[in-house]
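A quick write-up on the structure given underneath.
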Amino acid sequence: TLTTTTATTTTTTTTIGSNCALSGFFEVDEDIVVRFWKVDYDLGSYRFVGRGQCQDRGGRIYAGWRGSARVDVCKDLCDAHPIGCVGIEVYMNGEECAVRFDIESLDDVKEDIRRELQTFEEGDDATGEVASTRDPWDRVCYLKPRPRTNEDTEKSAVLASPPDVHGKYWRVAFYPRLGEWPHGGTGPQEASLTLATERPSKMTSCVEPVRNLTAFSPFVADVTTWWATRELNLWAGVPGGQPRWEKLLDAPAWDPTYAIGGGLCSVDREVTSLPGKQTSVQHALWGLRECSDKGFRRLSPETVALDETGWDQVASYRWVYGFEVFLRRWMASQDWEVTNQSCFEDWVLKHRASLASSANSASATRFDEVSERL
């Protein structure tokens, strides 16, 4: 149950309400948007690939076992096969999961998988690392990073994050603003996240100490991503004040992690930005460093009104995944169903320029025209 305890309350534990004040999408810079959110299970270093069934680079699907089991059961079974298991699939009904294997490793599968999961699925000889997804679309695919060495295998065991005081696990995902990363790829870069109760006293790459910013616990700290040769690191806290919660009633329509507890954290509408600090190291320019105090602006495609005004707000973000979130919500409100996830996501990416230009422009594509195209 969510409480209305303020984020500035000093206690030995952190309330669900103050934790959820961190939840949402926030602008890092002109290239990147970040999401902080919590789920019910620890996914560790597993990476979200997309909605649908896992497939390899040749479009082939993997063999494996499927059954009525919790997500952590499938993850543990996959972890028990550090070489052969390529990932897991989580069904949107929240009641099933599947463990997927490289065809060359099926003979090495341990008996415990056959005991835990009821159904064997042959696939069509997929091999190598998961590359993308395909139909059926009633699930989401998570890739298990393939260890390159024995040391990588040992490291993967400690990449998991501890639960918060309520037994939930936090995640961070970075999204390319225009839908594509500089070195290829379109999906989010995702990792586990540990919340901190104390504000960082310093940051890597910063000479000056952290100033007395108005930021309160809980904090996200030591969060890192890359844009080409530029390395970004940030921390942020909550601004404090009395929260005003808004429940995400249509989260099942847009949040692919909803089946494992994603989207269940209400949004604090009073938090319009997260105060914090950001460092940037440009490795192509002899390690040129920049450190700055930062207000990470909240972007709200998951809460804006599903009308022309809301569309203009989302279009002003000029953020491809923001378009996708809004359009999924709108289609759900019209009782529409996405029958081909890959086709829909490609459509949003293809039309990103016209979608972005539709904000506050009488001559540009308006939302009613967008909806007609859909």
Inset, instruction - Determine whether the aromatic ring centres of Phe326 and Trp311 lie less than 6.0 Å apart. - result: yes
Inset, instruction - Give a yes or no on whether the ring-centroid distance for Trp226 and Trp181 is below 6.0 angstrom. - result: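 Ring centroids of Trp226 and Trp181 are no less than 6.0 Å from each other.
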Less than 4.0 angstrom from a charged side-chain N to a carboxylate O is my criterion; do [X] and [Y] meet it?
{"X": "Arg328", "Y": "Glu345", "answer": "yes"}
{"X": "Glu180", "Y": "Arg352", "answer": "yes"}
{"X": "Arg329", "Y": "Asp250", "answer": "yes"}
{"X": "Asp79", "Y": "Lys75", "answer": "yes"}
{"X": "Lys277", "Y": "Asp293", "answer": "yes"}
{"X": "Arg115", "Y": "Glu111", "answer": "no"}
{"X": "Arg297", "Y": "Asp29", "answer": "no"}

Inset, instruction - Check the pair Asp255 / Thr257 against side chain to side chain donor-acceptor pair (under 3.5 Å), numbers first and verdict last. - result: CA-CA 5 Å; Asp255 191 344; Thr257 65; 2.7 Å; yes
Inset, instruction - Mind checking the CG-CG spacing from Asn19 to Asp268? Nearest 0.5 Å is all I need. - result: 12.0 Å
Tell me, yes or no, whether the heavy-atom count around [X] atom [atom1], taken from other residues, nucleotides or ligands under 6.0 Å, exceeds 12.
{"X": "Gln334", "atom1": "CD", "answer": "yes"}
{"X": "Arg114", "atom1": "CZ", "answer": "yes"}
{"X": "Arg70", "atom1": "CZ", "answer": "no"}
{"X": "Glu122", "atom1": "CD", "answer": "no"}

Inset, instruction - State which residue, out of Arg318, Arg177, Arg298, Lys294, fulfils the salt bridge (Lys or Arg N to Asp or Glu O under 4.0 Å) condition with Glu27. - result: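 So, applying the salt bridge (Lys or Arg N to Asp or Glu O under 4.0 Å) to Glu27 and each of Arg318, Arg177, Arg298, Lys294, only Arg177 qualifies.
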Inset, instruction - Kindly write out the residues that satisfy side-chain contact (heavy atoms from CB on, under 4.5 Å) with Ala98, not counting sequence neighbours, or none if the list is empty. - result: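 Testing Ala98 for side-chain contact (heavy atoms from CB on, under 4.5 Å), a comparison that skips the adjacent residues, returns Arg66, Glu89, Tyr91, Arg100.
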Legend entry - Parallel, tilted or perpendicular: ring planes of Trp65 versus Phe101, cut at 30 and 60 degrees: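 Rings of Trp65 and Phe101: perpendicular, as their planes differ by over 60°.
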Taking the side chain as every heavy atom from C-beta outward, state whether [X] and [Y] have any atom pair closer than 4.5 Å.
{"X": "Gln53", "Y": "Asp135", "answer": "no"}
{"X": "Tyr46", "Y": "Glu190", "answer": "no"}
{"X": "Thr303", "Y": "Leu248", "answer": "yes"}

